[in-house]
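Below is one structure, written out as structure tokens; comments come after it.
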Amino acid sequence: MREGLDREEGWTLAALLFLLVVTAAWWALALVPADADSPAWLARTQAVCFGTRDNGMPNAAGWIGLIASPLGMLIALLVVARQPVARLAAHLRSVRWLQIVSAVAFILTLAGGVSAASRIRQAYGVEGDVIIATEDGTAIRRSGFPPPLLLTDQTGGLRALRDMKGTPVVVTFAYAHCETVCPVLVQNALAAQRALAADGVDVAVVVVTLDPARDTPARLPAIAVQWGIGANAYVLSGVPADVDRALDAWEITRATDPANGDITHASIAHIISRTGEWAYEVSSPTPALLARLLRDS
């Protein structure tokens with residue numbers, strides 16, 4: 001590097017600029033509007049990476065990733081390259097081209113921030129979603145009634161969501177071959193159910209398969225045993241076309257790997273109130289947060 005910057009300082013400057021570019025691209029990917037004319041991969045990527053909702057905004061977990069990931073990388077860089085960063089800051093007083101680069105980066109960051117703020121205000125001004133934050137986690141308040149749900153449960157009978165009116169319900173989505181997200185998601189829902197049962201509050205749990213081709217109705221009893229599903233908890237499947245139709249109605253974005261059948265999906269739970277209304281949507285739900293929301297529903 002020229003004008004007094006050594007190799008270590010040059011690499012540190014390059015790392016800072018790279019972090020800025022990656023962060024800008026990540027935010028742009030999350031916030032760019034995906035309409036009917038947009039490529040299909042854009043909407044899928046936004047849904048999987050950011051849990052993007054109907055208003056085009058990330059869900060609670062998506063916002064956490066957008067903010068925490070770049071901030072964490074910046075802190076790590078400042079810790080690892082503390083001395084080169086300090087020397088770069090000192091060079092700002094004397095190196096003209098470094099001052100220009102810093103000014104351009106600041107202006108572009110400011111412009112990007114203004115653009116992002118405008119997009120966020122526009123989206124939330126139309127949709128009006130309310131984020132509920134507690135010490136147990138965050139959720140988005142929903143309104144209206146959820147899509148109908150009528151599929152086969154582990155007893156071999158048809159199970160309809162409307163039949164559970166009068167009891168709070170947690171609805172989530174998983175599949176039996178999953179060994180990472182799904183077991184945790186299902187167990188967290190069941191743990192919330194058990195915690196409320198101990199307090200005399202009845203709650204229903206509904207797990208809809210994401211993999212109807214393998215999680216057939218005939219396999220549901222074994223899957224229920226595998227997940228430890230007990231009373232007033234149901235795992236649902238059916239004809240693949242019917243299951244896919246239900247998943248689409250609930251706006252559950254998923255992508256199947258043709259090589260091994262693994263399904264990429266978000267960790268989502270929906271809370272349905274005693275009156276059958278949509279109450280909350282929760283990303284990466286914990287038992288404590290689910291129990292709190294179900295108790296209030």
Side-chain angles (χ1 to χ4, degrees), residues 34-36 38 40-62 123 126-129 139-154 157-165 167-176 178 181-182 185-186 189 204-217 220 223 233-256 263-285 290 293-294 297:
D35 53 28
S38 301
W41 65 263
L42 177 59
R44 287 198 300 268
T45 301
Q46 288 179 332
V48 171
C49 294
F50 310 107
T52 300
R53 300 179 43 74
D54 290 344
N55 64 349
M57 290 292 101
N59 61 18
V126 172
E127 187 69 16
D129 282 340
I140 295 176
R141 190 184 296 279
R142 299 298 300 264
S143 60
F145 289 87
L149 192 57
L150 178 62
L151 293 169
T152 303
D153 68 15
Q154 68 268 27
L158 289 176
R159 184 68 54 179
L161 184 60
R162 64 175 178 269
D163 295 336
M164 302 177 198
K165 189 174 180 180
T167 301
V169 183
V170 54
V171 180
T172 192
F173 306 87
Y175 68 104
C178 176
V181 174
C182 298
L185 182 59
V186 173
V205 174
V206 173
V207 183
V208 182
T209 182
L210 294 164
D211 188 9
R214 291 184 292 184
D215 296 348
T216 61
L220 293 184
I223 294 172
Y234 312 95
V235 54
L236 304 185
S237 185
V239 177
D242 292 342
V243 176
D244 287 336
R245 192 177 302 113
L247 295 174
D248 290 341
W250 282 74
E251 299 179 350
I252 304 303
T253 302
R254 65 273 184 206
T256 303
I263 300 171
T264 302
H265 64 98
S267 177
I268 297 291
H270 294 269
I271 304 297
I272 312 302
S273 72
R274 291 173 175 84
T275 60
E277 295 177 86
W278 222 335
Y280 301 97
E281 179 180 326
V282 192
S283 297
S284 301
L290 287 176
L293 298 176
L294 286 161
S297 301

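Side chains are part of it too, since the values below use all heavy atoms of this structure and drop only hydrogens, waters and symmetry mates. Bear in mind the structure is a predicted one, so any value in this text is a computation, not a measurement. Index from 1, following the sequence.
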Tell me every residue that passes side chain to side chain donor-acceptor pair (under 3.5 Å) with [X], counting only those two or more places apart in sequence or in another chain.
X	result
Thr275	Ser273, Glu277
Ser283	Asn59
Gln154	none
Ser237	none

For [X], all residues meeting side chain to side chain contact (heavy atoms under 4.5 Å, CB included), sequence neighbours excluded:
X	value
Asp248	Arg254
Ala213	Asp211
Ala47	Thr253
Thr256	Ile263

- request: Report yes or no: is the cationic atom of Arg141 (NZ for Lys, CZ for Arg) closer than 6.0 Å to the six-membered ring centre of Tyr280, at no more than 45° off its axis?
  value: no
message: Under a 3.5 Å threshold, yes or no: a donor from one side chain and an acceptor from the other, between Trp278 and His270?
response: yes
[X] vs [Y] side-chain heavy atoms within contact, under 4.5 Å:
X	Y	answer
Val169	Val205	no
Thr167	Arg274	no
Phe145	Arg162	no
Leu151	Val208	yes
Asp153	Val235	no

query: Can you list the residues that meet the salt bridge (charged side-chain N to carboxylate O under 4.0 Å, His left out) rule with Arg245, with sequence neighbours excluded?
result: Asp242
Roughly how far, to the nearest 0.5 Å, is [atom2] of [Y] from [atom1] of [X]?
X	Y	atom1	atom2	result
Leu220	Arg159	CG	CZ	12.0 Å
Leu149	Leu236	CG	CG	5.5 Å
Thr152	Leu158	OG1	CG	5.0 Å

query: How far apart are the closest heavy atoms of Trp250 and Pro148, and which atoms are they?
result: NE1-O, 3.8 Å
